[in-house]
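Taking it in order: structure first as structure tokens, then the write-up.
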Amino acid sequence: LEPQPALSDVPALVAGYRDAGLDVRLRTDGEPRPLPSGVELAAFRIIQEALTNTMKHAGPARAEVRIAYGPDALTVVVADDGRGAAFERGPGGHGIAGMRERVTVYDGDLDAGPHPGGGFRVRARLPLEAMAAAAERVRL
């Protein structure tokens, strides 16, 4: 019965992917601050799924995870320079759909797709105002 992961657990998550052979870097912009636990879990799971997809589909690649604490939103971006759209996908899971569901709970948005020159990028934006409203709905 361990606690659910939060953004403070992302450095260990990134280190695990690095140990597994992915060249990945972590960058944080803005001042980290407490957020509702559901938001932290959603952001963590989006990062985890995006890195898993990079490991599975990108081939030899470098990746960057960026967590940005803005004045009105939390934004997470996971981008890689791997095979991107040139890679033919095998039978897939529901990773991007699951990410989209996570951001929808907080009235956020998700952009996920290939880069024009190769690679893939996932960008999730979770508005702070919607976070507070969603957290209030959960309490009721």
Side-chain angles (χ1 to χ4, degrees):
L1 296 174
E2 294 181 28
Q4 292 293 319
L7 289 172
S8 61
D9 298 309
V10 171
L13 177 72
V14 167
Y17 281 94
R18 195 175 297 124
D19 291 346
L22 180 62
D23 181 5
V24 59
R25 289 171 178 59
L26 173 61
R27 183 174 113 197
T28 301
D29 297 330
E31 188 63 36
R33 59 187 176 273
L35 299 171
S37 60
V39 171
E40 296 231 4
L41 177 61
F44 180 92
R45 294 292 188 216
I46 289 166
I47 293 166
Q48 183 179 41
E49 180 64 31
L51 288 173
T52 296
N53 288 346
T54 298
M55 289 287 293
K56 286 172 143 178
H57 304 297
R62 287 186 310 253
E64 180 180 73
V65 174
R66 184 170 60 93
I67 302 169
Y69 293 86
D72 61 346
L74 173 73
T75 303
V76 295
V77 178
V78 180
D80 68 63
D81 64 358
R83 294 184 277 204
F87 173 64
E88 188 173 320
R89 297 182 187 277
H94 304 284
I96 292 176
M99 289 183 227
R100 195 168 309 285
E101 289 172 7
R102 289 180 188 281
V103 299
T104 299
V105 169
Y106 298 99
D107 295 328
D109 55 80
L110 179 84
D111 299 314
H115 285 275
F120 200 86
R121 182 183 84 136
V122 172
R123 179 188 167 277
R125 183 178 174 281
L126 301 164
L128 296 177
E129 187 175 294
M131 286 181 213
E136 185 63 29
R137 283 192 306 266
V138 170
R139 271 191 286 225
L140 298 176

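One is the number of the first residue; the rest follow in order along the sequence.
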Determine the minimum heavy-atom distance between [X] and [Y], stating which atoms define it.
X	Y	value
Leu35	Glu40	N-OE2, 3.5 Å
Arg25	Asp23	NH1-OD1, 2.5 Å
Leu128	Gly70	CD1-O, 3.8 Å
Tyr69	Arg33	CB-NH1, 3.5 Å
Pro127	Ala73	CA-CB, 3.9 Å

When rounded to the nearest 0.5 angstrom, what distance separates [atom1] in [X] from [atom2] in [Y]?
X	Y	atom1	atom2	value
Asp109	Arg100	CG	CZ	9.0 Å
Ile47	Arg66	CD1	CZ	11.0 Å
Glu101	Leu110	CD	CG	11.0 Å
Thr54	Arg62	OG1	CZ	13.0 Å

Check: Would Leu7 and Leu74 count as a side chain to side chain contact (heavy atoms under 4.5 Å, CB included) if you check the C-alpha gap in whole Å, the side-chain angles of each, and the deciding distance to 0.1 Å?
Finding: CA-CA 11 Å; Leu7 289 172; Leu74 173 73; 3.9 Å; yes
Notebook entry, point to check: Should Val78 and Met99 be marked as a side chain to side chain contact (heavy atoms under 4.5 Å, CB included) after you check the CA-CA gap, both sets of side-chain angles, and the distance that decides it?
Noted result: CA-CA 12 Å; Val78 180; Met99 289 183 227; over 6 Å; no
Student check: side-chain heavy atoms of [X] and [Y] closer than 4.5 Å:
X	Y	value
Arg123	Thr75	yes
Arg121	His115	yes
Pro5	Arg45	yes
Phe44	Arg102	no

Next item on the list: Could you check Val76 against Leu126 for side chain to side chain contact (heavy atoms under 4.5 Å, CB included), going step by step and ending with a plain yes or no?
Entry: CA-CA 9 Å; Val76 295; Leu126 301 164; 5.9 Å; no
Checklist line | Over 12 non-hydrogen atoms of neighbours within 6.0 angstrom of CZ in Arg18 | finding: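 Buried by this count: over 12 neighbours within 6.0 Å.
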Margin query: Evaluate Leu51 against Met55 for side chain to side chain contact (heavy atoms under 4.5 Å, CB included), listing each step before the verdict.
Written below: CA-CA 6 Å; Leu51 288 173; Met55 289 287 293; 5.7 Å; no
In this structure, would [X] and [Y] fall into the same cluster of hydrophobic residues linked by side-chain contacts under 4.5 Å?
X	Y	answer
Ile67	Val24	yes
Val77	Leu13	no
Val65	Ile96	yes
Val103	Phe120	yes

